[in-house]
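Take a look at the structure below.
Predicted model, so just to flag it, every value in this text is computed and none were measured. We use all heavy atoms of the structure for the numbers below, so side chains are in, but hydrogens, waters and symmetry mates are not.
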Amino acid sequence: MTNATIATPRRARGGRAVRTGPLLAPAVTLLLLWMIVPLAMTLWFSLQRYNLLNPMVTGFAGLRNYELLFTTSAIWISIWNTLVLVGSVLIVTIVFGVFFAVLFDQPFFGRDVARLLVIAPFFVMPTVSALIWKNLLMHPVNGLFAWIAKSLGFPAVDWFTNLPMTSIVIIVAWQWIPFATLILLTAMQSLDREQMEAARMDGAKGPAMLWHIVLPHLMRPISVVVMIECIFLLAVFAEIQVTTSGGPGTQTSTLTYFIYIKALLRWDVGGASAAGVVAIVLANIVAAFLIRTVARNLDK
Amino acid sequence: MALKQSRTTRVAIALLGWGSAFVMFFPILWMTIAAFKSEIDAIATPPKLFFTPTLENFAAVNQRANYPLFAMNSVIEALGATVLAILIAVPAAYAAAFFPNKRTKDLLLWMLSTKMLPAVGVLVPMYLIFRDLSLLDTRLGLIILFTLSNLPIVVWMLYSFFKDVPHEILEAARMDGAKVGDQIRYLLLPLTLPGIASTALLSVILCWNEAFWSLNLTTSKAAPLTQLIASFSSPEGLFWAKLSAASLLAIAPILVFGWLTQRQLVRGLTFGAVK
């Protein structure tokens, strides 16, 4: 054992005899193709006049698609909607995630079962959760919420007409709170109990402990949650498609949904591609920031 | 926690815990109950808590939509993509974990960054490529897309599991002349089986619930369960009991799956960054 330990660095260097190229090649090649081919096509189309419904309109468009795109307010609204959706869901899931992590870290009767119930929404497919919320809960006439409101003497809320973005945030947050809870709960379990005990002896109360001990400990897992949620939240699609189809008007049309409408409902490939390029740029701004966070996490 | 708590605090915590659990689980519970109601009971106001349970909705869903075909598509596409992704990712993760060099970390981060590429940004090209290659509405088409979109995460997860295997074990085997393939097959895979299993499970869950590509690139032949459910959002969506039954059928397998594997999932979900 001692020999092996001492010899390890030398042999590891000698271990270069294993050629890693062929091992990495399949994954790298595929991902490279997956990234470059559609990306290049999107860029190319974005510079073309290209509408599948009107084959007569062809040719190089220059930056016309971008010009049209940015002179309509729809693109700005959808970028804003995207940021609102991602931002609100992140805040809600992290607040509830921390709360649930602390709560379910405490021992109580049947805790393990309760935990399973809390994380369940994470496994529900987006189309299903959208439909349950839309029909069974938020329906303005027969929905459960409407009935509760009426029984309490309030008028029923027509969620998707009057509070469309709030409704979508609620649904998406419901799906992602379990994820934050799961990650943060695991992190809680590695919290130094003796340190907490000592702090308590010194008379630290709940809020102070949360602020000075628990939250700092959770910073790294929170950054992981933010990163992974961003990847998935920027692409939220089914929830919008099933509930509001981007409406009313453009109130819940995120960038993803905006491009979808342009591309597959209006067949305006040029315009949709230009918007796609915008989406890619936006995602990369987010990614550049996030990737740096992950990189720091890797250097632990 | 070893901290002393008063009786009231403990009761309050238990109530709060169960209350939160109930609220979070409620939509699923409500849907499950609705699945066993008659259509009239399902839309009744005030909501009916006591009713005669019926299985007619499940029969109706099956009659209307050939549920087994959708379920089979979901299973084949999720498993196919998962197996493929793992086969491609294992060698890459092996190389990254045991023979890292200066560029390894950049390579891994680049892989992850492809996951940030918004699918919608490349929807049009993918649609056209699929159309030209006759991959629209085929299982193979979705398997390829799911494989590619999960590959970065699968590589990362496997990498984090492989990194924990002591190098000496594989080195000893190498000294004895074991080829790369043999090391992977006889040592690495058995040693990291739980990690590979949780990677596979997460990949299956992600594929099972994926909606963007499957809603846009399949119509009938290769459509998975996400598509079946979406078809209930049409004006006919007022069949709440049937919708609930279909939903229950679609999520039950993956929900049980998730519950059974939740502990391992966490590790995988965070690429081992949170222990």
Point to revise | Portion of A:F123 that has a non-hydrogen atom of chain B nearer than 4.5 angstrom | key: both

**Study point:** Engaged part of B:W110 at the chain A interface, taking heavy atoms whose separation is under 4.5 Å
**Key:** side chain

**Study point:** Toward chain B, the part of A:A272 with a non-hydrogen atom under 4.5 Å
**Key:** side chain

Point to revise | A:W133 side, atom CH2; B:M31 side, atom CE - distance, nearest 0.5 Å | key: 13.5 Å

Practice item. With rounding to the nearest 0.5 Å, note down the distance linking CZ in A:F108 to CZ in B:R10. Key: 13.5 Å

Practice item. Measure distances from A:Y257 to the heavy atoms of chain B and classify the residue's part below 4.5 Å as side chain, backbone, both or neither. Key: neither

Check your understanding: Out of curiosity, A:L137 CG to B:W30 CH2, how far, rounded to the nearest 0.5 Å?
Key -> 8.5 Å

Check your understanding: For B:L84, is it the side chain, the backbone, both, or neither that has a heavy atom closer than 4.5 Å to a heavy atom of chain A?
Key -> neither

Point to revise | Spatial distance of atom CG (A:L23) from atom CZ (B:F99) [nearest 0.5 Å] | key: 8.0 Å

Revision key, fill the gap. Of the listed A:V113, A:L184, A:I148, A:L32, the one with the largest count of heavy-atom pairs under 4.5 Å with chain B is A:L32

Point to revise | Region of B:L29 in contact with chain A, defined by heavy-atom distances below 4.5 Å | key: neither

Check your understanding: Which atom pair, heavy atoms only, marks the closest approach of A:L103 to B:S20?
Key -> CD2-OG, 3.6 Å

Exercise for review: To the nearest 0.5 angstrom, please state how far the CD1 atom of B:I13 sits from the CZ atom of A:R111.
Suggested key: 10.5 Å

**Study point:** Heavy-atom proximity to chain B below 4.5 Å, by part of A:V141
**Key:** backbone

